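Here the structure comes first, spelled out in structure tokens, and everything after it is commentary.
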Amino acid sequence: MSMTMTQKILSRHAKKESCAPGDLILASLDLLLGNDITTPPAIDIFEKSGFDRVFDNEKIALVPDHFAPNKDIKSAAQCKRMREFARKQNIKYYYEQGQEGMGVEHVILPDNGLVKPGDLIIGADSHTCTYGALGAFSTGVGSTDLACAMASGQTWFKVPEAIRVNLTGKLPRYVAGKDVILYLIGRIGVDGALYRSLEFTGEGVKELFMADRLTICNMAIECGAKNGIFPVDEITLSYLSEKIPGGYQSAPEWLFPDEDAVYEKTVDIDLSSIRPMVAFPHLPSNTKEIGSFPKIEIDQVVIGSCTNGRIEDMRKAASILSGRKVKEGIRAIILPGSQRVYKQCLKEGLLEVFVDSGCVVSAPTCGPCLGGYMGVLAEGEKCVSTTNRNFVGRMGHKGSEVYLTGVEVAAASSVLGYIADPALLEKEGEA
Ligand code: SF4
């Protein structure tokens, strides 16, 4: 039977020759993820169910990133609960704040070499779908699923149907993975890929850096997808060879989709036709091209998160901000996605650029992305953010507004004080 990449990974982990959309399968897991919000309830369920030991202490990653460093007493208690569980269970991949390898979960797991092509990964966080960028099947689950999986190492899946996203062309200047996924979500809607696998294929794949692919898969859930996945190519192997301890040479041969794999439909995207995109409040699908709407003045800019907190994002932000100032009255907050990203920013002089331009630079944390801290919005405030959700109240008061963009639009907007095309800054004297 011909299969997609997702079907191949699922059938292999269920020890089946094949599987088809709609099949219910019990599959073994390569990696489980929890954070400081979702792990404490999973621990409660794990313990109340009478489990004593996790199935494998080297296949669980626990990351206190959402409200950590602790924002209040409740978050301190949640982190403490997770920390104590990690110690008791001798969890190998528990990341303490400040330690090397720590940061926002979906930034650090690939960067720490915990994700390989063909892996089956679940995480009690909806943006676990990020790891499809490396040819893995990864998806978000609830705390109850995490609890059961921590005990058994397995979980149930309904095999999803697949949508092929056929990419052609090359990205124009100031357009990146964030614009590609916002464009796709704008085209198909927030439920356009409901419980489907989004498989990215075509000549255009090779034009996307790993940072672009990670951003694209990160937001697959924002159009309802069960997962997003890219084929493994030279770019993947080059990335993995630096991240996987001992290196990584070649992708599993079985992983590529069959030529006659069945897709529910194909969405064609010419990368060269995409402009910098902005998702208006209050849905990621509410997209408009930069320059196609009247001037919108803003109060705050946030650059970071599991969507756009990688070193490539920091470099782009610095390239816009270098020698310029954040406009008076605007707060610009930069959140490097991990300790490693933070250190690299330090080495490359990017932190100096950010501070000189008038930005706040935060420790790696989810912080404002979910309205936690480090940039919560007041009623009526408008924020341009490189995060992935702009629902009502996502970053603070329900009367605030979040506009999702890529890094360069966000950085240019902080300089100009309104949602701006970075190309405007090429004309000197603009600010
Ligand atoms: Fe979730 Fe935002 Fe944290 Fe990503 S950065 S894991 S979207 S809260």
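Fair warning: this is a prediction, and the values are worked out from it, not measured in the lab. Residues take their numbers from the sequence shown, with the count starting at 1. Order of listing sets the numbers, starting from 1, for every ligand and every atom in it.
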Study note, to complete from the structure: Shortest non-hydrogen pair, Q300 vs G375, comes out as NE2-O, 2.9 Å
Practice item. For the residue pair V63 and L109, establish whether any side-chain heavy-atom pair is separated by less than 4.5 Å. Key: yes
Review point. Near H66, which atoms of ligand 1 are under 4.0 Å from a heavy atom of that residue?
Key: 1 (Fe), 3 (Fe), 6 (S), 8 (S)
**Study point:** Electrostatic pair K116:D119 at N-O distance under 4.0 angstrom
**Key:** yes
Exercise for review: State the atoms of ligand 1, each with its element, that fall below the 4.0 Å cut-off from a heavy-atom position in R394.
Suggested key: 2 (Fe), 7 (S), 8 (S)
Exercise for review: Could I get the full list of side-chain contact (heavy atoms from CB on, under 4.5 Å) partners for D111, not counting sequence neighbours?
Suggested key: Y239, K243, R340
Review point. Excluding waters, which protein N, O or S atoms are within less than 2.8 Å of atom 4 (Fe) of ligand 1?
Key: C306 SG
Check your understanding: Do the numbers put K88 on top of the ring of F85, so that NZ or CZ is under 6.0 Å from the six-membered ring centre and no more than 45° off the axis?
Key -> no
**Study point:** Ring centroid separation Y131 to H106 under 6.0 Å
**Key:** yes
Point to revise | Value rounded to 0.5 Å, distance of CG in N218 from CD1 in I216 | key: 10.5 Å
